[in-house]
Amino acid sequence: MTRVLVVEDQRTLADALELAIGAQPDLECVGAVDTVEQALPLARTGTDVVLMDVHLPGTDGIAGTSLLKRAAPALRVLILTGDPRPRLLAAAAAAGAAGFLTKDSALPDILAAIRAPATGPLLVAGGTLVALAEVPGDEPRPPGAERPVRSPARRGRDRCTARELEVLRLLGEGLGPKAIAERLVISPHTARGHIKSVMHKLNAHSQLETVVTAIREGLLDPVPGDRPDTRDPRTRTRPI
């Protein structure tokens with residue numbers, strides 16, 4: 001029996017998920033709470049999977065994922081959001097999330113993600129990261145070969161040129177090589193060259209891994225455009 005916790009402050013959606021999960025013979029919903037702070041004690045008591053909203057009162061879902069993973073390392077956190085920006089996915093992956101689902105995902109897809117093995121790959125809602133595909137032409141590593149060890153002294157902004165940092169920022173916005181070329185008024189071939197250079201310098205093998213690594217190393221903010229909301233929470237509106 002897989003034990004699932006829902007962390008979602010929109011009550012209608014939280015109740016619907018709780019009922020749907022509880023109706024499955026192999027799943028048990030241990031509760032639906034509004035905040036990360038409420039989720040922490042439940043995560044330590046045998047919960048297997050957490051469905052985590054991003055925009056929550058108090059601690060947000062990305063920081064909450066890190067807290068929950070520290071409290072219960074075996075826990076699988078699935079981000080469930082109406083704000084499917086690629087850099088948000090990268091931030092979630094860097095925080096330890098096992099998957100990323102949009103709030104308009106079909107219920108069977110959500111249930112399938114809950115049932116996915118803990119050792120499986122990062123789950124991504126279909127179509128969310130169309131732009132973040134592998135860059136063609138990368139040389140594959142031989143089977144069993146380890147990635148090269150890079151000196152910690154090379155970590156930081158000095159590893160990338162100013163143009164490469166521009167390209168990295170656009171990757172974080174979900175743009176592919178063609179769109180980056182159009183934005184920067186360069187050829188697609190040149191854009192791909194910059195992307196490959198950034199990937200090499202960050203020891204990454206896909207655009208998604210590049211964005212995740214850049215966030216971890218402080219080269220990108222986790223979620224661009226978000227700022228702390230100081231308005232009265234009773235009047236605040238947020239993305240669904």
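Any value given below was found using the heavy atoms of this structure, including those in side chains, with hydrogens, waters and symmetry copies removed.
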Going from [atom1] on [X] to [atom2] on [Y], what distance comes out if it is rounded to the nearest 0.5 angstrom?
{"X": "L17", "Y": "T12", "atom1": "CG", "atom2": "OG1", "answer": "11.0 Å"}
{"X": "D104", "Y": "T81", "atom1": "CG", "atom2": "OG1", "answer": "10.5 Å"}
{"X": "K69", "Y": "R76", "atom1": "NZ", "atom2": "CZ", "answer": "9.0 Å"}
{"X": "H200", "Y": "I195", "atom1": "NE2", "atom2": "CD1", "answer": "16.0 Å"}
{"X": "T213", "Y": "L168", "atom1": "OG1", "atom2": "CG", "answer": "9.5 Å"}
{"X": "L67", "Y": "I62", "atom1": "CG", "atom2": "CD1", "answer": "11.5 Å"}

How close do [X] and [Y] get, counting heavy atoms only, and between which atoms?
{"X": "A43", "Y": "A72", "result": "O-CB, 3.6 Å"}
{"X": "G61", "Y": "I79", "result": "O-CD1, 4.2 Å"}
{"X": "G22", "Y": "C29", "result": "N-CB, 4.4 Å"}

List the residues meeting salt bridge (charged side-chain N to carboxylate O under 4.0 Å, His left out) with [X], not counting sequence neighbours, and say none if there are none.
{"X": "E28", "result": "R3"}
{"X": "D34", "result": "R11"}
{"X": "R70", "result": "none"}

Taking only residues at least two apart or on different chains, which pairs with a member in residues 179-190 satisfy salt bridge (charged side-chain N to carboxylate O under 4.0 Å, His left out)?
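Listed by first then second residue: E173-R183.
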
Taking only residues two or more places apart in sequence, or in another chain, which ones meet [X] in a side-chain contact (heavy atoms from CB on, under 4.5 Å)?
{"X": "A63", "result": "T59, D60"}
{"X": "S187", "result": "H189, T190"}
{"X": "A71", "result": "L40, R44"}
{"X": "R163", "result": "T161, E166, L184, I186, H194"}

Got a donor-acceptor contact below 3.5 angstrom from the T65 side chain to the A97 backbone?
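No; judged by distance alone, with no hydrogens or angles, the pair does not exist.
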
Please tell me whether V4 and L107 are part of a single hydrophobic cluster in this structure, the criterion being side-chain heavy atoms less than 4.5 Å apart.
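Same cluster: V4 reaches L107 through Ile, Leu, Val, Met, Phe, Trp or Tyr contacts under 4.5 Å.
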
From CA spacing to verdict: side chain to side chain contact (heavy atoms under 4.5 Å, CB included), I21, L51:
CA-CA 11 Å; I21 292 167; L51 285 180; 4.0 Å; yes

What's the verdict on side chain to side chain contact (heavy atoms under 4.5 Å, CB included) for D9 and L56, showing C-alpha distance, side-chain angles and the deciding distance?
CA-CA 6 Å; D9 68 331; L56 294 165; 4.1 Å; yes

My understanding is that only one of V77, L80, L5, V6 makes a side-chain contact (heavy atoms from CB on, under 4.5 Å) with M52; could you say which?
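So, applying the side-chain contact (heavy atoms from CB on, under 4.5 Å) to M52 and each of V77, L80, L5, V6, only V77 qualifies.
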
Please collect all side chain to side chain donor-acceptor pair (under 3.5 Å) contacts where either partner lies in residues 17-26, sequence neighbours excluded, each pair once.
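As it turns out, the side chain to side chain donor-acceptor pair (under 3.5 Å) pairs with a partner in residues 17-26, which skip direct neighbours, are Q24-R115, D26-R115.
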
Should L202 and L219 count as side-chain neighbours, where that means a heavy-atom distance under 4.5 Å?
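In short, these two side chains touch, coming nearer than 4.5 Å.
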
Answer yes if the side chains of T102 and S105 hold a donor-acceptor pair under 3.5 Å, and no otherwise.
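Checked: T102/S105 side chains pair up, N/O donor to acceptor below 3.5 Å.
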
